[in-house]
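First comes the structure, then the notes that go with it.
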Amino acid sequence: MPEIRLPDGTVRSFAQPLTGLELAREIGPGLAKAALALRVNGELRDLSTVLDQDAAVAIITNRDPEGLEIIRHSTAHLLAQAVKELFPDVQVTIGPVIENGFYYDFASSKPFTPEDLERISAKMRELIAADLPVRREVWSREEAIARFAAMGEEYKVQIIADIPVDQPITVYHQGDFVDLCRGPHVPRTGVLGAFALRNVAGAYWRGDSRNAMLQRIYGTAWAEQKDLDAYLQQLAEAERRDHRRIGSELELFSIQDEAGGGLVFWHPQGAKIRRVIEDFWRDAHVSGGYDLLFTPHIAHEQLWYTSGHKDFYAESMFEAMEDEGQPYQLKPMNCPFHILVYRSKLRSYRDLPIRWAELGTVYRHEMSGALHGLMRVRGFTQDDAHIFCRPDQIEAEIAGVLALTQKILGTFGFDRYEINLSTRPVQFVGSEEVWQHATSALSAALERAGLAYQIDEGGGAFYGPKIDLKIEDAIGRKWQCSTIQLDFNLPERFGMEYVAEDGSRQRPIMIHRAILGSLERFFGVLIEHYEGKFPFWLAPTQIVVAPISEQQADYAAQVAARLEMMGIRVETDLRSEKIGYKIRAHTLRRVPFMAIVGDREKGGGTVSLRDRDGRELGSFTQDHLGSALQELNRNRQPALQLALEGG
RNA sequence: GCCGUUGUAGCUCAGUCGGUAGAGCAACUGAUUCGUAAUCAGUAGGUCAGAGGUUCGAUUCCCCUCAACGGCACCA
């Protein structure tokens with residue numbers, strides 16, 4: 001007779017086997033109503049599971065994360081049921097849970113239209129209102145194959161064939177709909193409801209571009225309507241931050257049809273920000289022990305055969321161009337060029353480590369469908385650097401790179417990271433000993449820096465282990481920008497050497513690293529992170545001086561000239577508009593400060609200051625304002641804090 | 001590259017059941033000289049993404065190309 005241990009530690013004995021639902025009823029009617037599924041000895045099961053043995057059982061409700069997953073999974077099933085009822089010829093395939101929702105892939109001769117989505121959605125609501133019971137059954141393999149084949153569900157037959165022989169084949173019924181599924185599912189369709197179908201997209205069967213393209217319907221589902229509303233709100237927030245929208249509103253950059261996709265034009269306002277970023281980056285590198293390089297944009301095609309890029313990445317490189325019978329290749333990477341500089345003379349162990357950094361512009365032929373604003377482009381500038389060192393210097397060099405990375409990213413307002421250490425894959429170059437030594441040097445450096453990281457076993461490139469770092473933006477999204485990669489391959493291919501202490505020729509270790517990644521992409525991330533409201537030190541226009549009327553135009557120009565001399569990026573707004581109009585215009589442009597000057601200010605040699613968040617900061621003398629703004633430029637703080645006293 | 005959607009003024013969009021287009025904002029001109037998120041009036045601005053086809057006539061219908069958008073695949 002089953003003894004059931006509940007999560008709070010209590011044990012209940014029952015004279016007969018009972019279902020999970022009956023157990024929930026025993027505990028309380030409220031719980032029975034909220035119950036979605038069970039966890040039996042750690043495994044998720046349907047609520048209808050018969051408990052006939054002693055077990056530890058937890059009742060899962062929509063408050064549990066697992067409950068939410070089940071809701072999403074069951075909503076995907078409901079979607080499939082609705083589609084089958086409306087479009088009987090469509091075949092169902094798979095319908096997994098994903099972050100924030102689910103999708104279901106259908107094999108259909110005709111793609112779904114947005115109107116179809118509305119019909120499907122309405123049908124789903126009907127099925128919820130019908131409150132159909134969801135029943136689980138176990139079928140034999142032969143029976144399952146025969147019955148799904150009879151239903152014309154060829155994809156399901158394929159899926160069954162791939163289920164390991166020792167696993168039972170389960171199906172779920174709801175109404176007339178039967179679907180192959182591992183489960184568990186909610187007990188009745190009536191418990192579903194807080195969902196929205198989002199969009200239709202093509203997706204390859206089993207994620208392979210050689211396979212047929214299926215029609216995927218994406219949806220989102222939540223425990224309660226308010227969670228759904230909050231999620232839709234969050235999507236709207238991301239939409240507001242879209243760097244493509246803000247980029248054109250603030251005249252930061254453009255991508256133009258006449259020039260081609262994925263090629264970025266930095267407009268004056270964007271270019272000002274880029275210059276600030278680059279200046280800061282260069283200063284940080286020089287003081288971090290790097291030397292700066294400039295290298296060409298093209299080189300003999302042969303160089304790219306030597307490096308191996310022509311063999312491995314030919315399809316993502318622009319075609320070679322010919323000049324005087326010689327083929328030249330636009331560069332997709334900077335590293336071979338840095339190697340050429342290294343090889344320009346004989347290097348000694350005393351020269352190492354060598355650290356060379358370059359803001360190197362590279363071109364890659366990304367597939368047209370991959371292009372996306374600034375995030376995925378065909379021409380971009382990497383904040384690239386290469387470190388050439390001895391094996392015993394790896395750990396210290398990695399530690400140095402990590403410190404510089406934290407300093408630079410932190411200055412831009414990113415101090416939450418997710419770090420991955422990727423180790424040796426199946427296919428690799430170099431010896432196992434070198435890999436072992438290098439990998440432990442990477443983890444030692446991470447630990448020394450006190451940085452938490454995850455290990456991606458076998459996730460390294462064939463040429464060396466790597467550390468990838470993702471930053472988290474203001475709304476919790478993660479972006480991979482920084483990467484630190486060891487390379488045992490290129491030094492070999494280029495025959496790089498240094499003369500060791502004993503006079504022997506040794507091969508240096510090469511470290512590729514980027515902190516911002518691509519300036520274009522990083523700029524896109526910055527725009528979205530700050531929603532265009534850049535910190536003072538980055539803002540393209542830092543302050544606008546606006547007179548109340550023409551009477552103070554000369555004074556406004558004089559204030560602006562003073563600030564400009566102090567290194568502040570200042571504009572005047574001398575248009576014959578009312579002050580409210582100017583304030584609105586520059587607030588919408590996210591200019592950090594406005595200095596308003598009327599007769600009062602002109603008389604006293606001051607300005608009246610307000611910030612873009614609508615705070616009125618009071619009266620400032622020109623000198624006080626100038627030095628406060630200079631301080632903001634120096635400290636690079638994200639907040640618009642000003643030393644206000646004495647204003 | 002693949003599937004789908006979309007492409008009208010600088011921007012956001014309306015419109016034409018086939019008879020070559022309109023609004024708001026922005027721009028420009030004039031008036032206004034104003035105290036913390038939109039002063040008023042006027043002017044100009046479009047090969048309706050590009051090329052082809054059907055038609056007496058295409059921005060509208062069909063085909064192709066290009067681009068953007070949402071995914072998939074790809075991302076050294």
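Residue numbering restarts at 1 for every chain, and letters A, B, ... go by the order of the sequence lines. No hydrogens, no waters, no symmetry mates; every other heavy atom, side chains included, goes into these values. From a predicted model like this one, the values you see are computed outputs, not experimental measurements.
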Give me each pair satisfying ring pair (Phe, Tyr, Trp, His ring centres under 6.0 Å) with a member in residues 201-221 of chain A, each pair once, sequence neighbours excluded.
A/Tyr103-A/Tyr218, A/Tyr155-A/Trp205
Distance check, C1' atoms only: B/U16 and B/U8, in whole angstrom units.
11 Å
Which donor-acceptor pairs under 3.5 Å do side chains of residues 92-101 of chain A form with protein atoms, sequence neighbours excluded?
{"from": "A/Thr93", "atom 1": "OG1", "to": "A/Asp105", "atom 2": "O", "distance (Å)": "2.6"}

Between B/A26 and B/U39 - P atom distance, rounded Å:
9 Å
According to the interplanar angle, ranging from 0 to 90°, do the rings of A/Tyr104 and A/His77 count as parallel (below 30°), tilted (30 to 60°) or perpendicular (above 60°)?
perpendicular
Per the under-4.0 Å heavy-atom filter, residues of residues 479-486 of chain A near RNA chain B come out as A/Gln485
Dot-bracket for RNA chain B, 5' to 3', with Watson-Crick and G-U pairs under 3.5 Å, [ ] for crossing pairs and | for other-strand pairs: what is it?
(((((((..((((.....[..)))).(((((.......))))).....((.((..]....)).)))))))))....
Report the nucleotide, chosen from B/G1, B/G71, B/U33, that has the shortest atom-to-atom distance to any side-chain atom of A/Tyr204.
B/G1
Classify every nucleotide of nucleotides 36-45 of chain B by which part a protein heavy atom approaches to under 4.0 Å, writing B for the base, S for the sugar-phosphate alone and - for neither, in 5'-to-3' order.
BBBB------
Any base atoms under 4.0 Å from A/Ala370, or only sugar-phosphate, or nothing? Heavy atoms, all strands.
base
With salt bridge (charged side-chain N to carboxylate O under 4.0 Å, His left out) as the test, would you mind laying out the steps for A/Glu239 and A/Arg245 before giving the verdict?
CA-CA 9 Å; A/Glu239 171 77 29; A/Arg245 219 173 62 99; 5.2 Å; no
C1'-based separation of B/G19 from B/U29 [nearest Å]:
36 Å
Distance check: side-chain N/O of A/Arg575 vs OP1/OP2 of B/A27, anything under 4.0 Å?
yes
Any carboxylate oxygen within less than 4.0 angstrom of a Lys/Arg side-chain nitrogen, looking at A/Asp613 and A/Lys533?
yes
Mutual orientation of the aromatic rings belonging to A/Phe388 and A/Tyr342 [parallel < 30°, tilted 30-60°, perpendicular > 60°]:
tilted
Can you sort out the partners of A/Arg424 under side chain to side chain contact (heavy atoms under 4.5 Å, CB included), two or more places apart, ordered by chain and number?
A/Phe428, A/Glu432, A/Trp435
Between B/G57 and B/C66, how far apart are the C1' atoms? Round to whole Å, please.
27 Å
If only side-chain N and O atoms count, and only distance matters, is there a donor-acceptor pair under 3.5 Å linking A/Lys310 with A/Gln329?
yes
Counting only N and O atoms by type, is there a donor-acceptor contact under 3.5 Å from the side chain of A/Glu118 to the main-chain atoms of A/Glu115?
no
If you look at every strand shown and take non-hydrogen atoms under 4.0 Å, does A/Pro547 touch a base, only sugar-phosphate, or nothing?
nothing
Can A/Asp208 and A/Arg206 be said to form a salt bridge (charged side-chain N to carboxylate O under 4.0 Å, His left out), step by step?
CA-CA 6 Å; A/Asp208 189 327; A/Arg206 294 192 158 152; over 6 Å; no
Verify the distance criterion only: is there a donor paired with an acceptor across the side chains of A/Gln269 and A/Thr541 at less than 3.5 Å?
yes
Could you tell me whether A/Glu550 contacts a base, only the sugar-phosphate backbone, or nothing, with contacts defined as non-hydrogen atoms closer than 4.0 Å?
base
Judged by each residue's nearest nucleotide on RNA chain B, which is more toward the 5′ side, A/Phe112 or A/Val200?
A/Phe112
Aromatic rings A/Tyr530 and A/Phe534: how do their planes relate, parallel, tilted or perpendicular, breaks at 30° and 60°?
tilted
Give me the distance, rounded to whole Å, that separates B/C74 from B/C13 when you measure between the C1' atoms they each carry.
35 Å
Between the protein and nucleotides 48-50 of chain B, which nitrogen or oxygen pairs are less than 3.5 angstrom apart?
none

Assign a letter to each nucleotide of nucleotides 60-69 of chain B from its 5' end: B, base within under 4.0 Å of a protein heavy atom; S, sugar-phosphate only; -, no contact.
-------SSS
Can you find a pair of side-chain heavy atoms, one from A/Val591 and one from A/Arg612, that are under 4.5 Å apart?
no
Could you check which residues of residues 206-217 of chain A get a heavy atom under 4.0 Å from RNA chain B? Sort them by number, please.
A/Gly207, A/Ser209, A/Met213, A/Gln215, A/Arg216
For residues 457-465 of chain A, dump all side-chain donor-acceptor pairs below 3.5 Å to protein atoms at least two apart in sequence or in another chain.
{"from": "A/Glu457", "atom 1": "OE2", "to": "A/Thr423", "atom 2": "OG1", "distance (Å)": "3.0"}
{"from": "A/Tyr463", "atom 1": "OH", "to": "A/Gln485", "atom 2": "OE1", "distance (Å)": "2.5"}

Residue A/Ser316, side-chain atoms from C-beta onward, closest of B/G71, B/A76, B/G35:
B/A76
Contacts under 3.5 Å, N or O only, protein and nucleotides 10-15 of chain B:
none

Applying side chain to side chain contact (heavy atoms under 4.5 Å, CB included) to A/Ala196 and not counting sequence neighbours gives A/Thr220, A/Leu228
Considering just the side-chain nitrogens and oxygens of A/Tyr218, establish if one lies under 4.0 Å of OP1 or OP2 belonging to B/C72.
yes
Parallel, tilted or perpendicular, judged at 30° and 60°: which one describes the rings of A/Phe112 and A/Phe87?
perpendicular
Taking only the C1' atom of each, what is the distance from B/A9 to B/A49 in whole angstrom?
14 Å
Could you please name the option among B/C74, B/A76, B/U33 that lies closest to any side-chain atom of A/Met317?
B/A76
Please examine the side chains of A/Asp162 and A/Gln158, heavy atoms only from C-beta on, and report whether any two atoms are closer than 4.5 Å.
no
Could you check whether A/Ala201 gets within reach of a base, just the sugar-phosphate, or nothing at all, counting any heavy atom under 4.0 Å?
base
Would you tell me whether A/Thr361 and A/His297 have side-chain atoms, one donor and one acceptor, within less than 3.5 Å of each other?
no
